[in-house]
**Q** 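Quick one: this structure, given as structure tokens, is what I'll be asking you about.
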Amino acid sequence: MPALVLIGAQWGDEGKGKATDQLGGLVDYVVKFNGGNNAGHTVVVGDETYALHLLPSGILSPGCIPVIGNGVVIDLAVLFQEIDGLEARGVDTSRLVVSADAHVIPSYNRVLDRVTERFLGSRKIGTTGRGIGPTYADKMNRVGIRVQDLFDEKILRQKVEGALTLKNHVLVKVYNRKAVTADSVVEELLGYVERLQPMVRDTGLLLSTALHEGRTVLLEGGQATLLDVDHGTYPFVTSSSATSGGACTGSGIPPNRIDKVIAVVKAYTTRVGEGPFPTELTGDGQDGVDGERLRTVGHEFGTTTGRPRRCGWYDAVIARYAARVNGVTDFVLTKLDVLTGWDTIPVCVAYEVDGKRFDEMPMTQTDFHHATPVYEYFAGWTEDISQARTFEDLPENAQRYIRALEQMSGAPFSSVGVGPDREQTLALRDLLR
Ligand code: IMP
């Protein structure tokens, strides 16, 4: 079972951290292949809760080598803060490996991310403000700074000066901010070299050698399918490839080495930031009450920014889309326990747009913005399910809900989460079969 991809099926925050952490104990490498410190994994191990933004969650599994792949953008200050925070709690981080080709987030891109959002006003994306978008834009514009550039001061200075030629015009003339000096950027980046250098490897080669030797590699996606820059709800997306295709480009592992694609999907839906969300529960009426209840019971507040997450019912159109775009072989259903106590639970099975039914994602942004959910209603349950450890332990209505979701979502469900702890998981099938 050499290479597994694990991605989010919705708009992120599906509980990928727990799933990765559970698999982390069974695999040899965990690779983060996209995104940066815009991600937020909360992992609970025993009494300890870890909030990771940049480090792969495999960092918590003693036998596993965590890898930051070439598709990632790295804020070096955050990298070392997270490492120091974990070390202070007794977690050994010495196995961490960082790709020489990953891009770094220079300080000017954090500034640009925030001022651009302000400038956009009502058209803002609702980014995490971490400089992610501008850094991926630099990568595509070929003015990015890569990890390996830090090891050649002359090249680093040339690249920073090159990038600032344009950036300073934008900062000063468009946003009315102070120009940034190349010296200050170079000095800051060089300050990390001593600690960074021992971690840096040709990670594509490392992973390919590992696969040839029969090792198991888990490729962990940040964000999720509908935040993918190509397949998500553009332009309300992140700037990287968060789908299974991104696992290949962001790590250097070829597509024909991928054996399984595991998608994490929450038993309801959440979204942070702006953009369309057909099953969102808002307003002053019952919808607003239900939305607030999902948010409170599910602790739906951003791990990275603390923002309240927008909440809504399960959307099977999205799940089917995620199954198709990613080639999902297994779904991991999370947070079923949050739905305990509702009389009936609506599930979106299709959309209606201007009187026309859509069983698949509409082709255009305009249609998706106008999509209203077609709901099917399922009987709820009141029993506490957090202690359930097998499918048979669940009340009949919870079993029916899971079976119904599985049938309409386009791939088998391998496990169901009934609480934040590692043990609060019901295996339906062996994920590593
Ligand atoms: P950016 O990734 O900071 O550029 O933000 C772009 C969009 O992706 C915004 O709507 C963010 O709220 C969203 N986003 C980025 N990372 C995550 C995540 O890990 N979970 C959920 N939403 C995210």
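Start at 1 and go down the list; that is how both ligands and their atoms are numbered. All of these numbers come straight from a predicted model, not from anything done at the bench.
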**Q** Could you see which bit of V237 sits under 4.0 Å from ligand 1, with heavy atoms only: side chain, backbone, both or neither?
**A** backbone
**Q** Around R201, counting heavy atoms of other residues, nucleotides and ligands shown, do more than 12 lie under 6.0 Å from its CZ?
**A** no
**Q** Would you mind running through ligand 1 and noting each atom that sits below 4.0 Å from a heavy atom of D13?
**A** 20 (N), 21 (C)
**Q** Does K266 pair with E14 as a salt bridge, N-O distance under 4.0 Å?
**A** no
**Q** Students should be able to answer this: which protein heavy-atom is nearest to atom 18 (C) of ligand 1, and at what distance?
**A** N38 O, 3.8 Å
**Q** Find out whether the Lys NZ or Arg CZ of R307 is both under 6.0 angstrom from the six-membered ring centre of F301 and within 45° of the ring's axis.
**A** no
**Q** For atom 5 (O) of ligand 1, what is the closest protein heavy atom, and at what distance to 0.1 Å?
**A** T127 CA, 3.3 Å
**Q** Applying a heavy-atom cut-off of 4.0 Å, say which part of W11 lies close to ligand 1: side chain, backbone, both or neither.
**A** backbone
**Q** Contact between G222 and ligand 1, counting heavy atoms under 4.0 Å?
**A** no
**Q** Using a strict cut-off of 4.0 Å, indicate which atoms of ligand 1 neighbour a heavy atom of V272.
**A** 10 (O), 12 (O), 21 (C), 22 (N)
**Q** Can a non-hydrogen atom of Q223 be found less than 4.0 Å from any atom of ligand 1?
**A** yes
**Q** When you check the gap from the basic side-chain N to the acidic O, do D113 and R130 get nearer than 4.0 Å?
**A** no
**Q** With a 4.0 Å heavy-atom cut-off (strictly under), which part of R307 contacts ligand 1: side chain, backbone, both or neither?
**A** side chain
**Q** Which heavy atom of the protein is the closest neighbour of atom 14 (N) of ligand 1, given with residue, atom name and distance?
**A** L227 CD1, 3.8 Å
**Q** Within the distance-only criterion (no hydrogens, no angle test), does the side chain of E117 pair as donor or acceptor with the backbone N or O of G126 below 3.5 angstrom?
**A** yes
**Q** Note the single closest protein heavy atom to atom 2 (O) of ligand 1, along with its residue, its atom name and the distance in Å.
**A** T238 OG1, 2.6 Å
**Q** For W342, is the NZ or CZ atom of R293 found under 6.0 angstrom from the centre of its six-membered ring and inside 45 degrees of the ring axis?
**A** yes
**Q** Show the nearest heavy-atom pair for residues D75 and R110, with the distance to one decimal.
**A** OD2-NH1, 2.8 Å
**Q** Which atoms of ligand 1 sit under 4.0 Å from any heavy atom of G126?
**A** 9 (C), 10 (O), 11 (C), 12 (O)
**Q** One residue to check: T128. Relative to ligand 1, which of side chain, backbone, both or neither has a non-hydrogen atom less than 4.0 Å away?
**A** both
**Q** Is the distance between the ring centroids of Y268 and Y314 less than 6.0 Å?
**A** no
**Q** Below 4.0 angstrom from a heavy atom of I125, which ligand 1 atoms are there? Numbered from 1 as shown, please.
**A** 10 (O)
**Q** Does this structure show an ion pair linking R295 with E300, if we count only N-O contacts that are shorter than 4.0 Å?
**A** no
